[in-house]
Amino acid sequence: MVRDKLAYRSSLSQNTMLKAPLNTKRASPTRWFNRLYTVVYAVAIFALIYRHCCNLINSPSFTTIFLLVADLVLAFLWVAWQPFFLNPVHREVFPENLPQVAKESDYPRLDVFVCTADPFKEPPIGVLNTVLSLLAYDYPTEKLSVYLSDDGGSQLTLFAFMETAKFAKHWLPYCKKYNIMDRSPEVYFENDLSLFPETSEIQTMYENMKATIKDVMDRGTIDIDQINDERAIKALRKWTNEFTRHQHPTVIEVLLKNDEDKDVTGHYMPNLFYVAREKNKATPHHFKAGAINALLRVSAKLTNAPIFLILDCDMYSNDPKTPLRMLCHFLDPNVDPKLAFVQFPQRFYNINNNDTYCTQHVLENQICSVGMDGLDGMSFMGTNAFFKRDALLGKPNEPQGIWNEPNDSKDGLALAHHVADCSYEDNTKWGSEIGFRYGTLVEDAYTSFRIQCLGWKSVVCKPTRAAFLGNMPVALHDFLSQARRWYMGLLQIALCKFSPLTFGMKYMNPLQALCCAYIDFRAFWSIPIIIYAFLPQLTLLNSSAIFPKVSDPWFSLYAFLFLAAYGKSLLDYVVAGSTFRKWWSYQRMWLIFGCSTYLFSFFDWLVTSLGMSTFEFNVTSKVLDTELNKRYQQGVFTFGVDSPLFVSLSIVAIVNLFAFLVGIKQVLINGRFEELFGQLFIAGFGVVNGWPIYEGMVLRSDKGKMPAKTTLKSVCGALIIYWVFSSAC
Ligand SMILES: O=c1ccn([C@@H]2O[C@H](COP(=O)(O)OP(=O)(O)O[C@H]3O[C@H](CO)[C@@H](O)[C@H](O)[C@H]3O)[C@@H](O)[C@H]2O)c(=O)[nH]1
Ligand SMILES: [Mn+2]
């Protein structure tokens with residue numbers, strides 16, 4: 001019924017005039033400057049490649065070939081990067097104008113999917129805060145359903161949510177009565193000092209709930225005999241002795257039902273469902289994509305809202321009016337019927353002032369998003385997006401979707417169990433043509449890419465107050481490993497038969513396809529970065545010059561390419577509202593990634609493609625270590641673990657420092673400054689960027705320093721590389 005209304009709205013004649021708009025779109029004035037820059041820089045790149053080709057013909061050598069390869073890859077990534085700047089758009093929404101088009105009772109139903117996968121890496125206290133903040137949305141409760149997908153299949157998580165359901169009956173009316181902004185209780189009790197008559201009572205209740213859950217978590221088991229609720233006991237008894245997280249039947253529990261459960265003031269509650277899909281060691285479960293597909297089917301049997309929101313378990317709602325902003329797009333009478341999703345960029349609450357590890361993702365969230373928005377839509381970021389259900393079920397011109405099995409039986413819950421079976425997807429199009437697409441570790445980018453190839457579009461919504469806030473790792477190794485999974489997953493897309501360069505170019509806006517290519521091929525950065533991290537330095541150690549003299553006209557070409565690239569990237573950061581210090585962290589992390597994460601993603605991709613290994617989704621830990629966090633907030637790097645990621649990084653740092661010092665000595669003694677300047681500069685730049693690594697290796701003694709073992713391995717590695725290079729030349 002509601003679905004029909006949505007379809008009906010989409011088919012209304014175009015350009016219905018509204019007295020006041022629900023949303024506006026403005027092209028960014030920077031686009032003209034960007035287009036000019038692109039043309040000028042492209043000419044410079046052509047000149048450079050021309051010079052390389054001449055060199056290759058006149059004096060072919062190892063060095064000329066490597067430099068050509070490095071610059072060709074740089075040129076490719078530069079080309080793919082440009083479309084982000086050709087037509088950026090900024091949108092605004094006006095939820096206050098919604099009453100023109102719909103009463104609250106006309107709002108579409110909304111299903112919210114929250115995914116969790118491990119009660120120890122993702123403590124239930126955090127997850128339940130996310131869920132409470134969503135249950136408390138300013139949205140008609142009879143239209144709102146929250147589904148918690150538990151891929152950890154944990155009794156502890158279910159128990160925590162039974163407690164949550166009880167507490168919600170107090171928390172929701174409290175939030176609504178006093179119009180609280182922070183509807184995650186943890187955040188609220190930490191920040192808000194206002195005292196209402198019920199505040200301390202609610203706070204005590206919250207603390208008690210936390211204590212009960214913490215106790216159960218610490219003990220690792222639940223004392224079922226202590227529970228006196230029949231329904232709860234029956235649910236918890238499903239965890240028999242054979243039940244493990246990798247092998248268990250489907251568990252679906254209705255924790256709150258919106259036509260039965262009332263809050264303490266007598267108002268109906270939203271729905272809350274706990275879903276642990278069936279797991280079987282013999283059947284691949286496809287990680288988060290599999291979890292979302294199970295939820296798509298389960299929710300279709302229970303509530304079947306035309307719009308659903310996907311959230312990671314750490315992404316709590318920071319603004320109860322967010323669904324209304326989304327409606328400003330979907331309920332707009334002039335909405336493009338091909339609009340598939342509204343993405344709210346990912347934002348995080350635990351980023352330090354200088355964004356040391358570049359985890360704020362200014363590039364992705366502020367620059368790429370608006371850039372792709374102007375080219376038929378950005379990619380899905382895995383969380384914080386409201387989807388039209390139909391977009392996952394078929395092409396834009398098939399409004400009912402191709403997954404519409406008749407709901408003949410009355411028992412929705414039994415059907416819901418059935419569609420969460422492991423074998424349900426066998427011989428169906430789930431994962432290949434409908435639902436979230438399988439075969440990669442980044443289901444988000446891949447799925448949005450595939451549906452965009454079918455003609456679906458997306459828009460970005462960037463309210464000033466963050467719609468959701470999540471958490472990012474505060475230890476460098478955690479972040480590098482997380483990103484290693486992303487870039488390996490993205491390579492899986494880049495190099496599969498649906499690559500954006502081939503399939504994408506054919507079926508989507510070609511500029512948008514180039515943007516996708518840029519994102520997917522990012523691990524390729526490691527090729528030029530590694531070449532530039534070693535070649536100029538090792539040749540400097542052998543005193544051979546590889547770049548033009550400072551007085552040579554070609555030198556100015558190099559100078560221009562370097563300065564214009566760095567200058568533009570700084571400018572982009574500033575235009576996006578960020579700071580110089582954050583930009584500095586970003587460019588440093590880019591080099592760090594090039595020498596570690598990107599490189600290892602490549603290896604990972606190689607070994608999985610050769611069938612030597614299978615890929616795993618390692619869930620990022622959301623446990624906040626106070627000591628680590630303190631160090632991070634002071635802007636100090638945390639190394640701390642002996643890891644190959646750090647070995648490769650340290651080798652580069654050592655080689656650059658050594659080359660820089662030897663180079664300076666040569667210039668002082670032999671006076672070949674003009675000839676060696678380019679190499680000295682690059683090595684010096686490496687040293688400046690590597691500073692935190694030298695500090696970690698020699699100047700620090702805290703727990704976050706570089707382990708001595710890693711330093712030792714890196715010194716040996718650096719010596720071997722130097723030795724091999726010198727004997728080869
Ligand atoms: O088998 C799994 C593995 C993970 N998850 C959930 O997926 C979410 C993301 O996992 P996380 O470890 O936090 O990964 P991140 O690298 O932080 O996630 C980013 O990258 C993922 C892959 O691209 C996207 O799915 C996420 O939305 C995006 O935030 C979490 O809620 C997990 O509980 C599952 O439900 N099942
Ligand atoms: Mn995450």
Does any N or O in the side chain of [X] come within less than 3.5 Å of the main-chain N or O of [Y], such that one atom is a donor and the other an acceptor?
X    : Y    : answer
S648 : C595 : yes
D552 : P548 : no
R389 : L296 : yes
N318 : L469 : no
E443 : F287 : no
T447 : R437 : yes
Q452 : S379 : no
S556 : P553 : yes

Result block: side-chain N/O donor-acceptor pairs under 3.5 angstrom for residues 67-86, not counting sequence neighbours:
from	atom 1	to	atom 2	distance (Å)
D71	OD1	Y532	OH	2.7
D71	OD2	H52	NE2	2.5
D71	OD2	Y532	OH	3.4
Q82	OE1	T38	OG1	3.0
Q82	NE2	W78	O	3.1

Between [X] and [Y], is the ring centre distance below 6.0 Å?
X    : Y    : result
F681 : F547 : no
F386 : F330 : no
Y598 : F602 : no
F562 : Y558 : no

Pairs where [range] contributes a residue and the test salt bridge (Lys or Arg N to Asp or Glu O under 4.0 Å) is met, not counting sequence neighbours:
range            : answer
residues 490-501 : none
residues 80-93   : R91-D373
residues 558-569 : K568-D572
residues 24-52   : none

**All side chain to side chain donor-acceptor pair (under 3.5 Å) counterparts of S499, not counting sequence neighbours** = none
**Request:** State which residues pass side chain to side chain donor-acceptor pair (under 3.5 Å) with R347; sequence neighbours excluded, sorted by chain then number.
**Result:** none
[Y] and [X] side chains, donor-acceptor separation under 3.5 Å:
X    : Y    : result
S596 : R484 : no
Q537 : N656 : yes
T356 : N352 : yes
Q360 : K582 : yes
W583 : S578 : no

**Request:** Give a yes or no on whether a salt bridge exists between K288 and D312, defined as a side-chain N under 4.0 angstrom from a carboxylate O.
**Result:** yes
Would you indicate whether the side-chain heavy atoms of [Y] and [X] approach each other to under 4.5 Å?
X    : Y    : answer
Y41  : L561 : yes
F33  : L571 : yes
P536 : I546 : yes

**side chain to side chain contact (heavy atoms under 4.5 Å, CB included) between L480 and I592, intermediate numbers included** = CA-CA 9 Å; L480 294 184; I592 292 181; 4.2 Å; yes
Taking atom [atom1] of [X] and atom [atom2] of [Y], what is their separation to the nearest 0.5 Å?
X    : Y    : atom1 : atom2 : result
S609 : F615 : OG    : CZ    : 10.0 Å
F436 : L295 : CZ    : CG    : 10.5 Å
T64  : N55  : OG1   : CG    : 6.5 Å
W584 : C358 : CH2   : SG    : 13.5 Å

**Message:** Once salt bridge (Lys or Arg N to Asp or Glu O under 4.0 Å) is applied, do any residues pair with D319, and if so which ones, sequence neighbours excluded?
**Reply:**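 Residues passing salt bridge (Lys or Arg N to Asp or Glu O under 4.0 Å) with D319: R325.
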**Request:** Report the residues that fulfil salt bridge (Lys or Arg N to Asp or Glu O under 4.0 Å) with R581, sequence neighbours left out, ordered by chain and then residue number.
**Result:**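 For R581 there are no salt bridge (Lys or Arg N to Asp or Glu O under 4.0 Å) partners, ignoring immediate neighbours.
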Indicate the atoms forming the closest heavy-atom contact of [X] with [Y], along with that distance.
X    : Y    : answer
A445 : L490 : CB-CD2, 3.9 Å
K338 : W456 : O-CE3, 3.0 Å
L645 : F600 : CD2-CD1, 3.6 Å
G431 : N293 : N-ND2, 4.1 Å

**Message:** Check this for me: Y566, atom OH, are more than 12 non-hydrogen atoms of other residues, nucleotides or ligands nearer than 6.0 Å?
**Reply:** yes
**Message:** Under the side-chain hydrogen bond (donor to acceptor under 3.5 Å, both in side chains) definition, can you give me all pairs with a residue in residues 502-516, not counting sequence neighbours?
**Reply:** none
**Message:** Pair F94, L22 - check side chain to side chain contact (heavy atoms under 4.5 Å, CB included), show working.
**Reply:** CA-CA 5 Å; F94 306 93; L22 290 180; 5.8 Å; no
Could you list the donor-acceptor pairs under 3.5 angstrom formed by side chains in residues 513-528, with sequence neighbours left out?
from	atom 1	to	atom 2	distance (Å)
Y518	OH	W525	NE1	3.3
R522	NH1	E364	OE2	3.3
R522	NH2	E364	OE2	2.7
R522	NH2	Y487	OH	2.5
S526	OG	A523	O	2.7

**Complete:** Exactly one candidate in T322, V460, T383 meets side-chain contact (heavy atoms from CB on, under 4.5 Å) with F344; the answer is T322
**Request:** Could you pull out all residues at least two apart from T359 that satisfy side-chain contact (heavy atoms from CB on, under 4.5 Å)?
**Result:** I351, D355, Y357, M472, F479, Y632
**Prompt:** Between F66 and F62, does a ring pair (Phe, Tyr, Trp, His ring centres under 6.0 Å) hold up when you go through it step by step?
**Reply:** CA-CA 6 Å; F66 270 111; F62 228 35; 5.3 Å; yes
**Message:** Show, in sequence, the C-alpha distance, side-chain angles and deciding distance for F387 and Q343, and conclude whether the side chain to side chain contact (heavy atoms under 4.5 Å, CB included) test is met.
**Reply:** CA-CA 9 Å; F387 279 83; Q343 172 79 55; over 6 Å; no
**Message:** Please evaluate residues F560 and V40 with respect to the criterion side chain to side chain contact (heavy atoms under 4.5 Å, CB included), reporting the C-alpha separation (whole Å), side-chain torsions for both, the decisive distance (0.1 Å), and the verdict.
**Reply:** CA-CA 11 Å; F560 170 78; V40 173; 4.0 Å; yes
